[in-house]
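The structure under discussion appears below in the form of structure tokens.
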2 protein chains.
Amino acid sequence: MAAPNLNWQQLANCRKIASDDIDNSIRNLAQIIRIHSLTMSIGPKQPTMMDVARLAGVSPMTVSRALKPNTSVSNATREKIRKAADELGYVLDSTAAGLSSRRTGFIAVTIPSINNANFADTLRGLTQGLREANMQVLLGYTDYDVTEEERLVEQFLRRRPEAMIVTGHAHTDRCRRMLEKCGVPVVEMWDLPEHPIDQVVGFSNAYAAKLMVDHFVEQGYRKIGFIGGDPSRDTRGQDRRQGFRSALQFHGLDASRMVAEQRPPITMREGAHSMRIMLEKWPDTEALMCVSDLSAFGAMTECQRQGLRIPDDIAIGGFGAYDLSEQSLPPITTIDVSSEAIGRIAADVIQNLLSKDIAKDPETIHRIEPRLLVRDSSRRRT
Amino acid sequence: MAAPNLNWQQLANCRKIASDDIDNSIRNLAQIIRIHSLTMSIGPKQPTMMDVARLAGVSPMTVSRALKPNTSVSNATREKIRKAADELGYVLDSTAAGLSSRRTGFIAVTIPSINNANFADTLRGLTQGLREANMQVLLGYTDYDVTEEERLVEQFLRRRPEAMIVTGHAHTDRCRRMLEKCGVPVVEMWDLPEHPIDQVVGFSNAYAAKLMVDHFVEQGYRKIGFIGGDPSRDTRGQDRRQGFRSALQFHGLDASRMVAEQRPPITMREGAHSMRIMLEKWPDTEALMCVSDLSAFGAMTECQRQGLRIPDDIAIGGFGAYDLSEQSLPPITTIDVSSEAIGRIAADVIQNLLSKDIAKDPETIHRIEPRLLVRDSSRRRT
DNA sequence: TCTGTATATGTTATCGATAACATCTTCAAG
DNA sequence: CTTGAAGATGTTATCGATAACATATACAGA
């Protein structure tokens, strides 16, 4: 039997090459040979590149090229293909493209909470920075739980992301191992880990807390309290608490006025609740630092509800530079950590790492400088 | 030449089958034959199922089965495979799995803004509802821009999601067409479209606004204003404005006290700014509805800054039942639209659609009932 | 006219998994 | 001891694209 000398176009119209059309010596090799019988697309299935190619009268490879920029395809052909694709309502299959090219276009990102303006800002910075590179963020939130983070990281690695971005330095052992061995750049953000996995874009939470304490002390406050969440979960909150404590100790002040009743993330309501406890236990507290602006706002309104004036009776400081702390009455002193910049920088870092594989910047720690924003909530009336 | 009768194990150890080992009649068929020369994995590449199979002494198919629940694999084999996978640090490739099985496990979701507690709540409801089904949310935000939505939807469709969830009813023509023809369930949420694409989980924004107006009127307020954003972008805000207007007209009241200076989303700061304009233009305004709690808070603090008392001098109403409106001083009357429930229900709808393809529930509109939460910001002192 | 270099297009061989089907064991019921 | 159903495992043929290589065509310069 003469083997038919078909090109892809003719093949495309074949339904099936019956196996007995093939001679015996081939049969014997059945185990290492695949007969690609190209069948016509059936039913209401989504069209493939092959369908577009057929309609445009070119090869699938040309379609592939025509559909992406900076490829050598003549304008006429490109236009013809575009039209064909349009007519069929063709949509590229990134799944197949990713498998073939080994570039999925995914950047996996885990944050502690979706419901947090700071992380949302970071995410905005990230997506904006990655848009031009045509990268898709794969987002997951851990609810401040390292076990959940491990689960997410595992899920994400299956998607073969081109980089991983995680929040903070606390990971389960297995999670850390997975990140170390995953073969793509890893960025830890919002923290300065002692033992970074790879890249870092973050700041010292302890130092940021110290900024606030120093400010309080400078304003003449001495009896200073702290409101945060249960330290076992939110490590950034824990670092702030630790920074608070050592800063107070540095100034020779008592560092025992701490309330940590709640499970992170602590919100306005919990801030208010903690404030009640604080005022019961230490009614003479002069200044109060809160782990976030939300809890600071809750604490402040609780004071106001109890008839205390801010800052005359008690000064308040928050963390995170939320809109809220600027718009509240009075505006709340806070720490600005440039949440959005963290995301932008992380995006840059990743783009650099993915492009210039040679001239790899030896710099792997990208340090953000937290800034104290002094507002009325902590100004000593003179 | 005798064709070697190799099994997959032996094949796996072959480096390459030289093409001239194959007899001529095969050569002639070159165009429709592929010689699968299985090469050993080289370098620090991620291990594949084949590697795991080799180590465990089973076929790749068995590995595939062993790694997913509810498949018939003996415990001994499964354990052996688990151990092998663990030793190699094997991570399943969902990209390949998705291509082969045509189930990617993605649910694509677009929301207007990531930085919005309402949408964040919806997202929480969604991810929680989808977790058990092992679905991964692919999230994008449109910045209240239908063109951006179109871009996102196109990007997402390439990932072959198993369902699409979009916010609102306003889409570009092309976007609508894409959604209609994409072949998977589509859910429009946060709205009640006149012409739904497919499924809907939402509520009437106009009706919700009417609830607030009715409440104001009942409390005896007559000169009622509205603060929102530029109507051309945020259609939900626009619907609220429209509901506001017709409710006032229904009560025979003037509906011209509207400020819409800003580009959505309008935040606290913009709420405050609009309030200044409102008070300049209509200083005798008695009650004010805002398009969201954030703008309501901004408006309220602006009033307080100007020495106006809430609600004695002016009543305030917001939208969305943010934490903020509950914790502020005074607490702000608002509309609760059960943001998280919208997400939960959307997740349920999708799971139903994806599982029981037969007994398809004819119900496609899932209507949420907005609830008015009356708080101190709008209570007429008696 | 010849040659070389772009530019445009086609061909081959995978990427890493899974569905569908085939085969082989086991063990209980007859 | 036979039969058959259920369970365990292997084999074949893709899924839809793209990298890498091969080929054809056009056009400038010698």
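Letters go in sequence order (proteins before strands), and every chain restarts at 1.
- Residue contacts for B:T77: at a heavy-atom cut-off of 4.0 Å it reaches the sugar-phosphate backbone alone, with no base atom in range.
- Here the nucleotide nearest the side chain of B:L99, chosen from C:dA17, D:dC15, D:dA17, is D:dC15.
- No more than 12 heavy atoms of other residues, nucleotides or ligands sit less than 6.0 Å from atom CZ of B:R82.
- With rounding to whole Å, B:D93 atom CG is found 13 Å from D:dC15 atom C1'.
- Counting to the nearest Å, the P atom of C:dA17 and the CG atom of A:L157 are 14 Å from each other.
- Listed nucleotides D:dT11, D:dA17, C:dG10 differ in distance to B:S59; the shortest reach to its side chain belongs to D:dT11.
- Taking the charged nitrogens against the carboxylate oxygens, A:R176 and A:D173 have no contact shorter than 4.0 Å, which rules out a salt bridge.
- B:R103 places its CZ atom 18 Å from the P atom of C:dA17, with the value rounded to the nearest Å.
- For B:R159 and A:F106, the positive end sits near the middle of the six-membered ring, less than 6.0 Å away and at most 45° from its axis.
- Comparing D:dA17, D:dT18, C:dG16 against the side chain of A:A96 picks out D:dA17 as the nearest.
- Checking D:dA8, C:dT18, D:dA20 against every side-chain atom of B:S74, the shortest atom distance belongs to D:dA8.
- Rounding to whole angstrom units, CZ of residue B:R102 and P of C:dT18 are separated by 14 Å.
- Not a single donor-acceptor pair under 3.5 Å links the side chain of B:T110 to the backbone N or O of B:E149.
- With the nearest nucleotide of DNA chain D identified for both A:S64 and B:R78, B:R78 has the one nearer the 5' end.
- In this structure, B:Y90 reaches the C:dA17 phosphate: one of its side-chain N or O atoms is under 4.0 Å from OP1 or OP2.
- When the nucleotides D:dT11, C:dG16, D:dT18 are ranked by their closest atom to the side chain of B:T48, C:dG16 comes out on top.
- Between A:L67 atom CG and D:dA19 atom P there is a gap of 14 Å when expressed in whole angstrom units.
- Residues A:E188 and A:P196 share a closest heavy-atom pair of OE1-CA, 3.4 Å.
- Listed candidates were D:dA20, C:dC21, C:dG16. Nearest to the side chain of A:R65 is D:dA20.
- Following rounding to the nearest Å, B:L92 (CG) and C:dA17 (P) show an atom-to-atom distance of 6 Å.
- Between the P atom of D:dT18 and the CE atom of A:M50 lies a distance of 14 Å, rounded to the nearest Å.
- Between the CZ atom of B:R159 and the P atom of D:dA17 there is a distance of 14 Å, given to the nearest Å.
- The A:S72 side chain lies nearest to C:dA8 when the options are C:dG16, C:dA8, D:dT18.
- In the set D:dA19, C:dT18, C:dT9, the nucleotide with an atom closest to the side chain of A:S101 is D:dA19.
- Look at A:K68 and you'll find a side-chain N or O under 4.0 angstrom from OP1 or OP2 of D:dT18.
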